[in-house]
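Heads up, the thing below is written out as structure tokens.
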Amino acid sequence: MAKSVEQLDRVVIRIAGDSGDGMQLTGDRFTQETAMFGNDLATFPNFPAEIRAPQGTLAGVSSFQVHFADHDILTPGDRPDVLVAMNPAALKANLGDMPKGAILIIDTHDFTDRALARIGWNSNPITDGTLDSFQVHPLELTQMTLDALESSELSRKDAGRSKNMFALGLLSWMYSRPTEGTLAFVEKKFANKPDIAAANITAFKAGYAFGETTEAFAVSYEVKPAALASGTYRNITGNLALAYGLIAAGQQSKLPVFLGAYPITPASDILHELSKHKRFGIRTFQAEDEIAGIGAALGAAFGGSLAITTSSGPGIALKGETIGLAVSLELPLLIIDIQRGGPSTGLPTKTEQSDLLQAMFGRNGEAPVPVIAAQSPGDCFDAAIEAVRMALTYRTPVFLLSDGYIANGSEPWQVPDVTTLPDLTVEFATEPNGDGTNGGKVGEYLPYLRDPQTLARPWAVPGTAGLEHRVGGIEKADKTGNISYDPDNHDFMVRTRQAKIDGIAKSLPPLVVDDPDGDASVLVLGWGSTYGPIGAACRQVRTSGAKIAQLHLRHINPFPDDLGDILARYEKVVIPEMNLGQLAMLIRAKYLIDAISVTQVRGLPFKADELADMLTSVINTGAVNTESVNS
């Protein structure tokens, strides 16, 4: 039958089902084909912490959301236009996010009385009127998959596992996605299991053919490629971009790279990826625990390597003592915290921004550490290089904050020209630096004789003749590094270490405020992964005719030198965060402004339309009812 093709400028699709049924794989394949097609996109994977959560339960629902468009977008979308629900639990868990008129594609195979009762439904929502406000397509996806694989030698259970590929084929037809990449991916992934590969390919093709031939779908859709700047692009997740940034930093610094890490969600993918790149001088060590991981990394830093440790909030808590030791030793060490919901084990697979104060102050004594934050998946590459620059230049541990939202989410990333990357080359100490006038004898090595510009101390590779020196956690004497309990020396060293971190602000570029007309009265200040929702909300506010300014911070400790002057220009400053107001606390304390703190700790990113409503309220009334975004 002849079918029409409708042009759309954007679509948000969510695929949901049982954890372990391939929802993340299905979403990832759709995303990869969408990236190859040339759309701008953003994704949001959402899954339980359990490896295989109970089937058919709300707790076991896994979903993947992708927003793709023919123009620049910033978020995975507030509410899906399309939901593919593979069972009753997936439908119930996601129904509240669906706007009226949305398309629901529902696999009816498991809509039994028992399955419905398990999730608290007393009747079938498909037939009882619950879904009357939606465009509902109840389909026997599982049975159609089994029918397509009838000639296969797979068991009925194994054949049924290909239903996700049937659904992917249907979606690929509905939204005019390429298919060649998915077919090649399946053949490669299951190269050692040809029967599984054949079943998945057959199911995928059957789903595509069903879309072409069924009368249930009279229209397919097309979203044209986005007009992106010329260059080479690839779809990339935050953790992958971060790993690539670390590899690039190793090449630009000409240092061997050492990662000491203990696996933890959602940071483990960095360890997995870096372990594949030994040819670039990368050495990875999967330690027995978090303390051993950072201890090995700090030892590698002492030995002259570009040292890194990765974790999430619970692991960072365990690393605290060794971070303090790194502050005392004044050695470069990159500490990467992929934040998740807490406290304690908290929400291992959900996102949060609640480790900012931990990164700032989570150590005993006066132990200042620079803190920077990535704002999007692709930005993780640049953030990693910037963090390494600071660590190497100032001989200090540096915190790099990401979170589960951008670590697992993806977007198109323009592969940079290698010639544009900064030179991170390090000059190690090779000769004694005492000259008889600088506090040391001629021919003596002074490990704490500082660079007058950066206050960084020399970095000597162990074994260099004549440069032997003491290391340890007990306070060092100025210049000589000898153990010292002198009160005046301790006061001097504490203040000098703080001054070194404060001085980093001099190397930061001027902040760029997004204020198109230059006369907005309200500034939205953000950090980290709130960049996308804040940016999308500001676009909505401006479209409505109101004026709003946006400023997003990468450097949080120290704050850029011009931040105070910028904040003073605006009547109101609004700070949305996925915590209880940690940046707002720091801003209020340092700049004495009455910032409006808008907080959310639901394990989910902000919705742009809710932020837009809140910002409009601030513009119109000078105040905000934060109930919608704080609840």
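Below, all heavy atoms of this structure are taken into account, side chains as well, without hydrogens, waters or symmetry copies. In this chain, residues are counted from 1 in sequence order.
- D562 places no side-chain N or O within 3.5 Å of a backbone atom of D565 that could act as its donor or acceptor partner.
- Using a distance-only test at 3.5 Å, with no hydrogens or angles considered, a donor-acceptor pair links the side chain of T43 to the main chain of S410.
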All N/O donor-acceptor pairs, side-chain side in residues 580-587, below 3.5 Å, sequence neighbours left out:
{"residue": "Q582", "atom": "OE1", "partner": "L356", "partner atom": "N", "Å": "3.2"}
{"residue": "Q582", "atom": "OE1", "partner": "L357", "partner atom": "N", "Å": "2.9"}
{"residue": "Q582", "atom": "NE2", "partner": "S354", "partner atom": "O", "Å": "3.0"}

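- Looking at Q353, its side chain never comes within 3.5 Å of a backbone N or O of N579 through a donor-acceptor pair.
- Side-chain contact annotation: E290 with S311, donor-acceptor N/O pair under 3.5 Å present.
- Between the D403 side chain and the I406 main chain, a donor and an acceptor come within less than 3.5 Å of each other.
- A distance of 11.5 Å separates CG in L455 from CD in Q498, rounded to the nearest 0.5 Å.
- Between E475 and R497 there is a salt bridge, since at least one side-chain N of the basic residue sits less than 4.0 Å from a carboxylate O of the acidic one.
- Looking at W459, its side chain does come within 3.5 Å of a backbone N or O of A301 through a donor-acceptor pair.
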Let me see the working for T396 and V327 under side chain to side chain contact (heavy atoms under 4.5 Å, CB included), right down to the final yes or no. CA-CA 6 Å; T396 178; V327 171; 5.7 Å; no
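- Side chains of N489 and K476: a donor-acceptor N/O pair is absent below 3.5 angstrom, by distance only.
- Electrostatic pairing of R450 and E330 counts as a salt bridge here, judged by a charged N lying under 4.0 Å from a carboxylate O.
- Contact annotation: the side chain of L400 never approaches that of M390 to less than 4.5 Å [non-hydrogen atoms, C-beta and beyond].
- Formation of a donor-acceptor pair under 3.5 Å by the T530 side chain with backbone atoms of G526 is not found in this model.
- Of the possible polar contacts, one joining the H67 side chain to the T75 backbone as a donor-acceptor pair under 3.5 Å is found.
- Of the possible polar contacts, one joining the S312 side chain to the I338 backbone as a donor-acceptor pair under 3.5 Å is found.
- With a 4.5 Å cut-off on side-chain heavy atoms, Q550 and Y531 count as touching.
- For the pair R554/D382, a side-chain contact is recorded, criterion being any heavy-atom separation below 4.5 Å from C-beta on.
- The backbone N or O of G346 lies less than 3.5 Å from no partner atom in the side chain of S344, so there is not a single donor-acceptor pair.
- Among residues two or more places apart in sequence or in another chain, the side chain to side chain contact (heavy atoms under 4.5 Å, CB included) test is passed with R569 by V513, I566.
- At a cut-off of 3.5 Å, with distance as the only test, a side-chain donor of R389 or S507 sits close to an acceptor on the other residue.
- In terms of modelled atom types and a separation under 3.5 Å, the side chain of R395 and the main chain of R457 share a donor-acceptor contact.
- Inter-residue side-chain proximity for V512 and L551 is flagged as unmet; no heavy-atom pair is nearer than 4.5 Å.
- To the nearest 0.5 Å, atom CD of residue Q414 and atom CD1 of residue I236 are 12.5 Å apart.
- Taking the six-membered ring for Trp and the full ring otherwise, Y233 and W413 have centroids separated by 6.0 Å or more.
- The shortest distance between side-chain heavy atoms of L306 and V388 falls below 4.5 Å.
- Looking at D486 and H490, their side chains never come closer than 4.5 Å, going by heavy atoms from C-beta outward.
- A donor-acceptor contact under 3.5 angstrom links the side chains of D423 and T425, judged on distance only.
- Contact of the Q375 side chain with the S529 side chain is not registered, since no non-hydrogen atoms from C-beta on lie closer than 4.5 Å.
- In this structure, the separation between CG on D478 and OG1 on T496 is 6.5 Å, given to the nearest 0.5 Å.
- At least one side-chain heavy atom of S376 sits under 4.5 Å from a side-chain heavy atom of E411.
- The existence of a salt bridge linking D72 and R539 is confirmed by a sub-4.0 Å separation between a basic side-chain nitrogen and an acidic carboxylate oxygen.
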